[in-house]
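Remember, predicted model here, so these are calculated numbers, not experimental data. All ligand and atom numbering here is 1-based and tracks the order in the structure.
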Amino acid sequence: MSRSLSPDLRNALSERLRYYREMGIYDFYCRDAASPPDSAETLALGDSIASPPELYPEHREQMSPRKSAAVMAPSEVSTLEVLTSKPEYGVADPVAALRIIREDLGDCTRCRLHKQGRKQIVFGVGNPNADLMFIGEAPGADEDQQGEPFVGRAGQLLTNMIKAMGLEREQVYIANIIKCRPPNNRTPERDECETCSPFLMRQVATIKPKVIVALGAVAAKTLLAINDSMSNLRGRWYEFKPTGVRSNDPNWSGAKLAVTYHPAFLLRDPRQKKEAWKDLQMVMKELGLKAPAK
Ligand code: URA
């Protein structure tokens, strides 16, 4: 296998290693690429997914075969496909696929937030076939209490924004970058976003929205991996492809993404609502929506 890994493959490998660590598998050994895989060993992994290729050949001797995962040496492309395989792949019904992703998330303890006072995981809500998806930052106290994103004051404003676009809340899908409330509503840490966002990416690839609206700077910067001011980020379209996942639909390769102000910011500074309305009008035009008659 090539020693220089593409960013996608590198991400896939680290995701897979984390998965193995969660299963209690820490050690890997290298099988000669020429020898066929041992089926019993492969089955012992608990699923039919092939194991990661050799990551650190120079450390080979230090890695014991105890609790080991079998190592194969397929081509980089097929390795990527195998490593990024998700249990919801092949599940055509998005309701069922979202349920699988939720089950995979479980009673998540992947980052520190699980022991910092969260009551429950706030997965996401809405139409699994939505053309429009809103992505906020993190659950607040009300969301943590009720298990649904955007149900507090900021949520009421978001619901009104959705209605002003000629839609009902139930017609769109709403989620956050992270699914657990940070203590005292602090801004999510980068590693918390990185740990949680693979699940969001899977939700996006399942729902396959035409348009995503990133609400506020945290959502925009995390989704776009750009560090810029809101005034620079707003007012234009971005092509968004969820990383590390693929959708069931060969005709869907990503969504258009627009950035607007977070509703909580608009509550603090209502003068900015007319700017946010411009952003929403841009989205409405793209989706062929008309504002309801007053
Ligand atoms: N703010 C967010 O970013 N998300 C919520 O769900 C609620 C408030």
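- Remark: D142 does not engage R153 in a salt bridge, criterion side-chain N to carboxylate O under 4.0 Å.
- Counting heavy atoms under 4.0 Å from ligand 1, residue A154 does not touch it at all.
- At a 3.5 angstrom cut-off on N or O pairs, A138 counts as close to ligand 1.
- A salt bridge links E148 to R169: one of the charged nitrogens lies within less than 4.0 Å of a carboxylate oxygen.
- Taking a cutoff of 4.0 Å between a charged side-chain nitrogen and a carboxylate oxygen, R110 and D191 do not qualify as a salt bridge.
- Contact annotation for E137 and ligand 1: heavy atoms of both the backbone and the side chain come within less than 4.0 Å of the ligand.
- Of the listed options L215, V218, N176, N176 places a heavy atom closest to atom 6 (O) of ligand 1.
- Between R202 and D104, at least one side-chain N (NZ, or NE/NH1/NH2) sits under 4.0 Å from a carboxylate O, which counts as a salt bridge.
- No more than 12 heavy atoms of other residues, nucleotides or ligands lie within 6.0 Å of NZ in K210, so this atom counts as exposed by the packing criterion.
- Salt-bridge check for E192 with K179: failed, with every basic side-chain N at 4.0 Å or more from each acidic carboxylate O.
- Per-residue contacts place G136 under 4.0 angstrom from the following atoms of ligand 1 (heavy atoms of the residue considered): 3 (O).
- Under the 4.0 angstrom criterion for non-hydrogen atoms, H262 is in contact with ligand 1.
- Atoms of ligand 1 lying under 4.0 Å from any heavy atom of P149, numbered from 1 in the order shown and given with element: 6 (O).
- The N/O atoms of F150, backbone and side chain alike, include one that comes under 3.5 Å of an N/O atom in ligand 1.
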